[in-house]
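Below: one structure, written as structure tokens.
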Amino acid sequence: MFKNERLNRIMTILEHKKVVSTTTLEKTLFVSNSTLRRDLMTLERLDKVHRSFGYVELVKPDNLELPYLFRGQERAHEKHQIAATASVFLGDNQAIFIDSSSTASFLAPYLVKLNHVIVITNGLRVAVELDGLPRIKTFVTGGRLRNGAGSIIGDDAIGFLNNFRANLFFMSCVGLTNDGVFMSSQEQSSVKRAMMQHAEKTILLCDHSKYNVKSYYRLCHEEELEAVVSDDKPDQSLATSLEDAGVEMLV
């Protein structure tokens with residue numbers, strides 16, 4: 001099991017149990033004490049867990065985001081798959097909003113061969129991925145850099161976005177449920193909402209781990225989406241809800 005897989009597994013266990021003994025984690029993950037200690041130190045530096053003698057405690061509140069460099073490594077295989085599927089929406093002569101999510105940044109390789117494409121983003125990772133692509137004209141919003149998130153937010157970012165119209169908006173989220181699309185940050189959501197308002201179609205990129213997950217801020221309702229692109233099908237309840245809302249599901 002690779003390190004990122006172990007870190008995700010540890011977080012999944014802690015999200016269910018909140019406090020777990022290190023002995024239990026060693027047995028569950030089939031790792032040595034030293035390997036587990038290094039993994040827990042990584043998570044502790046990210047303010048995800050608190051270690052005490054023999055135990056590990058979840059300390060991440062619902063509205064705390066992982067640093068974007070770490071998020072870029074999470075579920076990379078699934079994100080590549082999602083981007084490949086979502087690329088069917090891309091074409092020449094488009095204006096495209098791309099949010100600051102690590103998932104959306106995986107679209108960059110599929111933009112290489114396109115002509116006369118404009119990308120507007122509030123994401124540092126996306127901007128870096130597009131740097132050096134001569135056929136892509138990239139605009140990056142002004143505004144305040146959100147620490148650790150790799151995203152630019154605030155009124156200046158929203159004001160900048162108001163100058164554009166786009167054919168498509170690609171975004172990700174914290175969770176997708178029958179009640180809508182959820183985020184863990186109101187500031188991030190405000191920028192995404194501005195992009196939605198100025199785009200003809202909004203496409204949600206969402207891996208299966210985000211199904212039926214809620215956070216404190218609802219970004220939008222399902223019917224505001226054109227499509228959901230994922231690496232796996234949702235359960236029947238969520239699938240029916242999306243179908244009833246007229247949302248195309250691509251896997």
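On a predicted model such as this, the values are computed, not experimentally measured, just so you know. Any value given below was found using the heavy atoms of this structure, including those in side chains, with hydrogens, waters and symmetry copies removed.
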### Task
Look at the side chain of S105 and the backbone N and O of S102, then say whether any donor-acceptor pair between them is shorter than 3.5 Å.
yes

### Query
Can any side-chain N or O of E224 pair as donor or acceptor with the backbone N or O of H221 at less than 3.5 Å?
yes

### Query
So which pairs with a foot in residues 110-154 pass ring-ring contact (aromatic ring centres under 6.0 Å, His included), sequence neighbours left out?
F139-F164

### Task
Decide if atom CD of E243 counts as having more than 12 heavy atoms of other residues, nucleotides or ligands within a radius under 6.0 Å.
no

#### Entry: Side chain proximity check, D231 to V251, heavy atoms < 4.5 angstrom
no

#### Entry: Closest non-hydrogen atom pair, T141 against A157
OG1-CB, 3.8 Å

### Message
Quick check against the 3.5 Å criterion: does N122 have a side-chain atom that pairs as donor or acceptor with the backbone of S100?
### Response
yes

### Query
Without hydrogens or angle criteria, can the side chains of T22 and N33 be said to hold a donor-acceptor pair below 3.5 Å?
no

### Query
Within the side chain of T121, is there an N or O that forms a donor-acceptor pair under 3.5 Å with the backbone of I98?
yes

### Message
Would the distance check show the side chain of S230 and the main-chain N or O of C206 forming a donor-acceptor pair, the cut-off being under 3.5 Å?
### Response
yes

### Query
Side chain of Q94, backbone of F89: donor and acceptor closer than 3.5 Å?
yes

### Query
Okay, side chain of R193, backbone of L219: is any donor-acceptor separation there less than 3.5 Å?
yes

### Task
Could you verify whether a donor N or O on one side chain and an acceptor N or O on the other, from T85 and Q81, lie under 3.5 Å apart?
no

## Note on the structure
Nearest heavy-atom approach of K210 to S172 is NZ-OG, 3.0 Å

### Query
Any sub-3.5 Å donor-acceptor pair from S21's side-chain atoms to G54's backbone N or O?
no

### Query
Cut-off 3.5 Å, side chains only: do S32 and S34 have a donor facing an acceptor?
yes

### Task
Using modelled atom types only, decide if a donor and an acceptor are shared between the side chain of D92 and the backbone of N115 within a distance under 3.5 Å.
yes

### Query
Does the R218 side chain pair with the main chain of D179, one donor and one acceptor, at a distance under 3.5 Å?
yes

### Task
Determine whether the side chains of D235 and S237 contain a donor N or O and an acceptor N or O closer than 3.5 Å.
no

### Query
Going through the checks in order, is the side-chain contact (heavy atoms from CB on, under 4.5 Å) test met by V49 and M11?
CA-CA 9 Å; V49 304; M11 291 305 302; 4.1 Å; yes

